[in-house]
Amino acid sequence: MEFRLIDRLQALTAQARDDVRLGIGDDAALLAVPAGQELAVAIDTLVEGVHFPRGTAPADIGWKALAVNLSDLAAMGATPAWALLALTLPAQPADAQQDLVDGLAEGFSQLARMHRVALVGGDTTRGPFALSVAVHGFVPPGQALRRDGARAGDLVFVTGTLGDAAAGLQRLASAADSDEEKRRAGLRARLNRPEPRVAAGLALRGRASACIDVSDGLLADLAHVCTASGVGAEVDAALLPLSSALLGCCDAAEACDFALSGGDDYELCFAVPPARAGEVQADLARLGCGATRIGRIVEGTGVRVRGIDGQWLMPTRTGWDHFPDETARP
Ligand code: ADP
Ligand code: MG
């Protein structure tokens, strides 16, 4: 049974690469790292009920498990090459198990083909439904995009649009009205089929001073950059890139909250010295994802947010709000 599933996975994800000397089937894969390149490696786990709701289409789960990992490589400016897949499958009848594996492999391989990623091995066990994907990519020595290079005066950018995935998660149920349903389907696609910004990450090599992918939420992730770099950041809510689908399903304040605090966007947030900002923006526009300036790096610590009306905001338990009293404003 287990071996039939592995055979299916192998057949469904086949991807020819010269640097795979030995793929699925032996005790370990044998891989040739191109001479003079550094290996960038990352791993992420998705657990049913924690990282995706029960009932998510298997193909979406397979796609997302690879996407969140490719997003980590994108944030490092690495070119993806190989993946490992550790599958924990619930006990169920053989045909249901095969449908699940086929669905996972279909979504996984759709994205893998787009980035020429070869599945070179993994592990298959029984237990609560979860999958871990490990990815490997290449980056020229010293050129990886790290979190610790941001400097006061750099401008802060983000690719694409923010908040869609979080709004999609909150509005999972289908809508009655057909325009509203179209918008919701678009938001759910952002949640289930995130597109890792691999090309953008490559374009940022040698130009961005720091970079991170937005998985936990813009403010949380930008705060990681600030901590690693020993700086602070100011974000202007009025500059946040919001999709028309997001603005069509909630008011401006709610859209801002989704964009600031919602997770699962998998856009890149990065810092660039002002002199390079124009060329970087032009290049990312050419790549199709675009990049929007949302703030700047400052001396100090932490991330501060200026609201749409120009007043500083404070984090609250449920989102971001104006300072309750005037004196608290910086
Ligand atoms: P071993 O017992 O030697 O660890 P396994 O029986 O677990 O080997 O796996 C046999 C082969 O199938 C190995 O090459 C392994 O990498 C591959 N494999 C197992 N599970 C998966 C999976 N979910 N995805 C891809 N390859 C897998
Ligand atoms: Mg073995």
Side-chain angles (χ1 to χ4, degrees), residues 1-34 37 39-74 78-138 192-196 198 215 266:
M1 172 69 188
E2 178 194 331
F3 294 103
R4 271 224 326 276
L5 292 176
I6 296 171
D7 286 346
R8 284 190 80 77
L9 261 174
Q10 184 172 16
L12 292 167
T13 60
Q15 174 81 235
R17 286 185 65 104
D18 289 344
D19 52 18
V20 179
R21 301 290 147 80
L22 189 60
I24 293 174
D26 212 312
D27 293 314
L30 296 174
L31 308 167
V33 181
Q37 299 276 309
L39 196 57
V41 298
I43 184 165
D44 259 311
T45 298
L46 301 188
V47 177
E48 182 181 56
V50 179
H51 302 97
F52 57 89
R54 219 193 158 92
T56 304
D60 287 344
I61 299 167
W63 173 290
K64 189 162 180 175
L66 179 59
V68 301
N69 278 285
L70 293 185
S71 178
D72 282 327
L73 289 186
T79 306
W82 313 311
L84 296 166
L85 169 63
L87 261 182
T88 307
L89 298 171
Q92 58 179 338
D95 53 344
Q97 201 71 286
Q98 186 167 313
D99 287 350
L100 175 57
V101 168
D102 284 0
L104 293 171
E106 182 200 332
F108 183 98
S109 64
Q110 279 172 350
L111 183 60
R113 269 195 300 276
M114 291 168 66
H115 295 281
R116 288 197 55 241
V117 169
L119 182 65
V120 297
D123 193 28
T124 307
T125 54
R126 181 155 300 181
F129 185 27
L131 57 176
S132 295
V133 173
V135 288
H136 308 70
F138 312 134
N192 291 326
R193 297 255 172 165
E195 294 194 17
V198 172
S215 53
Y266 300 102

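Indexing begins at 1, ligand by ligand and atom by atom, following the structure's order. Quick caveat, the model's predicted, so the values are computed rather than measured.
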*Please identify which atoms of ligand 1 are closer than 4.0 Å to at least one heavy atom of Leu85.*
22 (C), 23 (N), 24 (N)
*Between Thr124 and ligand 1, which part of the residue brings a heavy atom under 4.0 Å of the ligand: side chain, backbone, both or neither?*
both
*Regarding Thr13 and Ser109, is there a side-chain donor-to-acceptor distance under 3.5 Å anywhere?*
no
_Could you check whether any side-chain heavy atom of Val135 comes within less than 4.5 Å of a side-chain heavy atom of Val41, counting everything from C-beta outward?_
no
_Part of Asp123 with heavy atoms under 4.0 Å of ligand 1, whether side chain, backbone, both or neither_ = both
*Is the shortest N/O to N/O distance between Gly25 and ligand 1 below 3.5 Å?*
yes
*Please say whether Gly122 places an N or O atom under 3.5 Å from an N or O atom belonging to ligand 1.*
yes
*Which heavy atom in Ala83 sits nearest to a heavy atom in Val117, and how many Å separate them?*
CB-CG1, 3.8 Å
*Which atoms of ligand 1 sit under 4.0 Å from any heavy atom of Leu9?*
22 (C), 23 (N), 24 (N)
*asked:* Out of all atoms in ligand 1, which are within 4.0 Å of some heavy atom of Ile24? Include the element for each.
replied: 12 (O), 14 (O), 17 (C), 25 (C), 26 (N)
*With atoms numbered from 1 as shown, which atoms in ligand 1 lie under 4.0 angstrom from a non-hydrogen atom of Asp26?*
13 (C), 14 (O)
*asked:* Are Thr56 and Asn192 packed together at the side-chain level, in the sense that at least one heavy-atom pair is separated by less than 4.5 angstrom?
replied: yes
*Measure across Leu85 and Leu9 and return the closest heavy-atom pair with its distance rounded to 0.1 Å.*
CD2-CD2, 4.0 Å
*Which value, rounded to the nearest 0.5 Å, describes the distance between Arg126 atom CZ and Gln92 atom CD?*
9.0 Å
*State, to 0.1 Å, how close Pro196 and Leu111 come at their nearest heavy-atom pair, and which atoms those are.*
CD-CD1, 4.1 Å
_Checking contacts here: is it the side chain or the backbone of Leu5 that comes within 4.0 Å of ligand 1, counting heavy atoms only? Could be both or neither._
neither
